[in-house]
Amino acid sequence: MQTQVLPANEESLALAARLLREGQLVAFPTETVYGLGANALDAEAVKAIFAAKGRPADNPLIAHIWDRAQLEGLVEIPDAAPALMDAFWPGPLTILMPRTSRVPDVVTAGLDTVAIRMPSHPVARAMLRACGLPIAAPSANRSGKPSPTTAEHVRVDMDGRIPLILDGGPCDVGLESTVIDVTHGTPTILRPGGVTQAMLEQVLGRVEVAGSVLRPLQAGEKALSPGMRYRHYSPDGQVTLVEGDEADVVRALGLLCAQAEANGHRACVMCFSEHTAALAKWRPHDIGSRSEPEEVAHRLFDTLRRLDTEGMDVIFSEVVAPEGIGLAVMNRLGRAASFHTIQARDVV
Ligand code: AMP
Ligand code: MG
């Protein structure tokens, strides 16, 4: 199959809408990451998403809408949901809702809730509006790879597998949406993202964060959010996180790289802008300023993808505080590193 990458404009949006109505796949930009969309009401079309990504069938998808009226007949709206929609839609918040039988099993991996989001990106909105369908869309990467934040990332993973990629430039947030469950008990963040716990608490009162956000699932533990089960967001190289006092971390990063190189590895660091000069010898990948966790979120997936392009096989990374958007950063970075962490003071 020939994959077209087209700038988003009236013509390419009309083509996207036609392809989606025909049951084909279209990759499109959102404010979080690029999505790989199909008609959420067409089970065959949705199966093609899983095939193109190599995604396990038990990992459910998010259905994207541009207008709340599209929820009619698809879901039952939880009591707490309207306040969330008022506050955060359109935007990077996904809300779980009990589904009706109109939502095919393949979208939800058989779960009785479906994840719903209204994106704010103008291209996503225009495409959703033009096709008039709810669009099931996971991130447009091959399963296990970092999510794509540019059309070029999508092309690298999906060339020859899908007919169309709409190019809307780099994504704003750079990490996937926050997923929240308000269907029972205390509202719970299943996956942290651009809408933070503090922002949600302003609307809902107390909000919990699922325990598995910052650690691997334990043996026998049920995944509240099925995507948490898989090795995710990983470059080909082995990532190790280095924690501790700022000065110790910078020294430890250098020592660890030197050791890895001595063992024949191609090593590098992922570090804050403030530390690239001190670590210049170790091919520093600038993840943004220490004081700008939004910038780190925005750059993270592109950095992880670059490591592969450059053939790095051992990577040592700084960490951010797991607060605000930093919680989402550490959730993704932790998984990229399979939660492999070293204390800097044990090295220096
Ligand atoms: P992706 O679209 O690749 O960002 O993945 C969507 C993620 O949302 C999945 O990995 C799941 O963890 C989560 N998700 C989607 N639907 C549900 C659901 N019904 N219940 C719990 N988590 C869900
Ligand atoms: Mg994904």
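As the structure lists them, so they are numbered: ligands from 1, and atoms in each ligand from 1.
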Do [Y] and [X] meet the salt-bridge criterion of a basic N to acidic O distance under 4.0 Å?
{"X": "Arg306", "Y": "Glu310", "result": "no"}
{"X": "Arg283", "Y": "Glu261", "result": "yes"}
{"X": "Asp167", "Y": "Arg155", "result": "no"}
{"X": "Asp181", "Y": "Arg191", "result": "no"}
{"X": "Lys145", "Y": "Asp236", "result": "yes"}
{"X": "Glu246", "Y": "Arg251", "result": "no"}

Checklist entry - Hey, does His153 have a side-chain heavy atom less than 4.5 Å from the side chain of Asp302? => result yes

Which option wins on minimum heavy-atom distance to [atom]: [options]?
{"atom": "atom 7 (C) of ligand 1", "options": "Arg191, Arg99, His64, Lys53", "result": "Arg191"}
{"atom": "atom 2 (O) of ligand 1", "options": "Ser147, Pro138, Ser143, Gly193", "result": "Pro138"}
{"atom": "atom 23 (C) of ligand 1", "options": "Gly35, Ser139, Pro60", "result": "Pro60"}

Checklist outcome for this item: Logged contact type for Met97 with ligand 1, heavy-atom cut-off 4.0 Å, is neither

Checklist entry - Can a non-hydrogen atom of Leu96 be found less than 4.0 Å from any atom of ligand 1? => result yes

Show the atoms of ligand 1 that are less than 4.0 angstrom away from any heavy atom in [X].
{"X": "Leu111", "answer": "18 (C), 19 (N), 20 (N)"}
{"X": "Ala137", "answer": "2 (O)"}
{"X": "Asn59", "answer": "9 (C), 10 (O), 11 (C)"}
{"X": "Ala115", "answer": "15 (C), 16 (N)"}

Next on the checklist: If we ignore hydrogens and angles and just use 3.5 Å, is the side chain of His64 paired with the main-chain N or O of Ile135 as donor and acceptor?
Outcome noted: yes

Checklist entry - Of the backbone and side-chain N, O or S atoms of Asn141, does one lie nearer to the Mg ion (ligand 2) than 2.8 Å? => result no

Checklist entry - Should Glu176 be counted as touching ligand 1, given the test is an N or O pair under 3.5 Å? => result no

